[in-house]
Amino acid sequence: MSQKLTIAIIGCGAFAKNFVNLFKHHPNVEKVYVCDLIKSREADFSARFGVETIATFEDALKRPDINCIGNFTRRHNHGDITIRALQAGKHVYSAVPMASTIEECQKIVELVKATGLTYFIGETCYYYPCSMYCREAYKAGIFGKFSYGASQYYHHINEISYGAVAEERGMPPLFYPTHSTAMILAAADSYVKKVSCFGCHDFSGDPAFTAEGNPWGNEFLNQYVFMELANGGTARVTEARGFGWGKPSSYISSFYGTKAGYEFSNAQHLLVQTDMHEGIKRPFNIKLTDVSDYVNPADMVANKDLPDFKQQVAEGKWQWNSFAAVQAKDAARLPESFKGLENGHMASHQLLVDDFCRAIYEEKIPILNAWFAARCNVPGLVAIESAKRGGIPLDVPDFGDAPVR
């Protein structure tokens with residue numbers, strides 16, 4: 001594709017502000033527009049980032065010079081916005097989640113397959129150091145055959161931006177599962193076949209988490225889902241809105257195979273290897289390696305000897321802009337124009353924007369494509385139904401692997 005990208009960012013909220021400059025400064029992008037239903041927000045973005053506005057989403061769809069849509073609308077609107085954009089012939093960068101129904105996820109996959117357009121899910125946790133480490137080590141054979149992993153998004157509702165939005169506050173936690181599922185599924189190189197889920201009710205009396213208090217009839221503040229994977233392993237994913245104060249909020253807490261296991265807590269990352277897999281023998285050997293300096297952000301490593309180091313980590317220090325050593329290879333391919341620009345969410349933002357822009361310009365199917373996005377999103381939607389029905393196991397539909405272009 002010789003033509004550069006012109007992108008209309010739809011939604012000028014707290015999250016979108018981290019991405020306008022990155023799109024604007026990417027060498028494959030010609031122009032950026034911003035659009036919001038609240039015109040004061042739109043005007044603020046225009047002035048702050050030096051970009052033009054466009055009146056409505058519908059106007060952006062009609063403009064032949066705009067070939068990309070940045071979907072930063074409210075979470076439960078993502079599916080509709082994406083589908084309309086693809087039907088209008090636009091490439092789509094979408095914040096998570098992909099959509100709020102299985103039917104919308106399937107429709108997006110079908111549209112991408114039929115049109116050849118690029119759909120990209122901006123899942124920050126794919127580039128979280130813990131996930132990158134686990135998939136790097138798994139691919140290298142260090143873990144052996146995958147058997148079990150656990151990942152979670154612990155984020156109290158009062159610390160999340162949508163917690164202040166009345167119509168979104170009571171959203172089922174597993175409407176938004178991709179921070180957890182993307183980490184574990186990418187690391188285990190598999191997808192979900194079956195789920196069983198339970199939920200925990202709110203104990204504080206928050207009216208949002210009642211059958212009448214939200215548009216979804218959701219009563220669960222926290223949801224816990226056990227997953228059977230296609231590779232024979234199992235995983236546990238937790239989406240919690242009633243605990244998880246401070247940071248880190250998203251992480252893989254454990255990842256086990258037949259030869260080794262990874263464990264993480266706060267700022268410590270441990271790899272435990274054993275030769276027990278070589279046969280029934282006594283004694284067997286165990287080797288523990290602290291890989292924290294490789295997995296933690298560089299700024300965190302530089303400050304690890306501070307007396308209040310762990311307390312500062314728990315309060316979210318050093319978990320935004322700084323790359324970790326495990327991210328170095330990916331960070332090295334970023335454009336020079338990104339130097340000094342904002343980053344975020346464990347230094348994932350720049351990598352995501354670069355992936356999207358390169359995929360379109362170079363006519364490649366991105367790693368975070370529609371098929372991967374569906375595999376991260378759909379298990380959560382099925383799990384919501386499992387929890388409503390007392391945790392019964394339910395099959396998860398799968399839309400297949402991304403094609404090779």
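Given the structure is predicted, the values throughout are model-derived calculations rather than measurements.
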Would you call [X] and [Y] a salt bridge, using N to O less than 4.0 angstrom?
X      : Y      : result
Asp80  : Lys107 : no
Lys39  : Glu42  : yes
Glu336 : Lys339 : yes
Lys304 : Asp293 : yes
Glu342 : Lys17  : no
Arg358 : Asp355 : no
Arg74  : Glu167 : yes
Asp206 : Arg169 : yes
Asp395 : Lys193 : no
Glu315 : Lys317 : no

message: Run Leu352 and Phe120 through side chain to side chain contact (heavy atoms under 4.5 Å, CB included) and show every step you take.
response: CA-CA 9 Å; Leu352 294 172; Phe120 185 93; 4.0 Å; yes
- request: Would you check if there is a donor-acceptor pair between the side chains of His269 and Tyr133 at a distance under 3.5 Å?
  value: no
- request: May I ask you to check whether Thr82 and Asn71 show a side-chain donor-acceptor distance below 3.5 Å?
  value: yes
message: Is the distance between the ring centroids of Trp318 and Phe309 under 6.0 Å?
response: yes
task: Tell me, with the steps shown, if Phe220 and His201 meet ring pair (Phe, Tyr, Trp, His ring centres under 6.0 Å).
output: CA-CA 5 Å; Phe220 296 126; His201 291 84; 4.9 Å; yes
Just say parallel, tilted or perpendicular for the rings of [X] and [Y], cut-offs at 30° and 60°.
X      : Y      : value
Tyr176 : Tyr162 : perpendicular
Tyr153 : His155 : perpendicular
Tyr93  : Phe23  : perpendicular

- prompt: Passes side chain to side chain donor-acceptor pair (under 3.5 Å), Tyr33 versus Arg63? Steps please.
  reply: CA-CA 12 Å; Tyr33 292 90; Arg63 289 271 297 268; 2.8 Å; yes
Tell me, do [X] and [Y] make a side-chain contact under 4.5 Å, heavy atoms counted?
X      : Y      : value
Trp320 : Ser322 : no
Tyr126 : Arg135 : yes
Phe338 : Val353 : yes

field: Cation-pi, Phe226 ring and Arg236 (6.0 angstrom, 45 degrees)
entry: no
- prompt: What pair of heavy atoms forms the shortest contact from Val291 to Leu270, and how long is it?
  reply: CG2-N, 4.4 Å
field: Derivation of the side chain to side chain donor-acceptor pair (under 3.5 Å) call for Glu219 and Thr210
entry: CA-CA 5 Å; Glu219 300 180 3; Thr210 61; over 6 Å; no
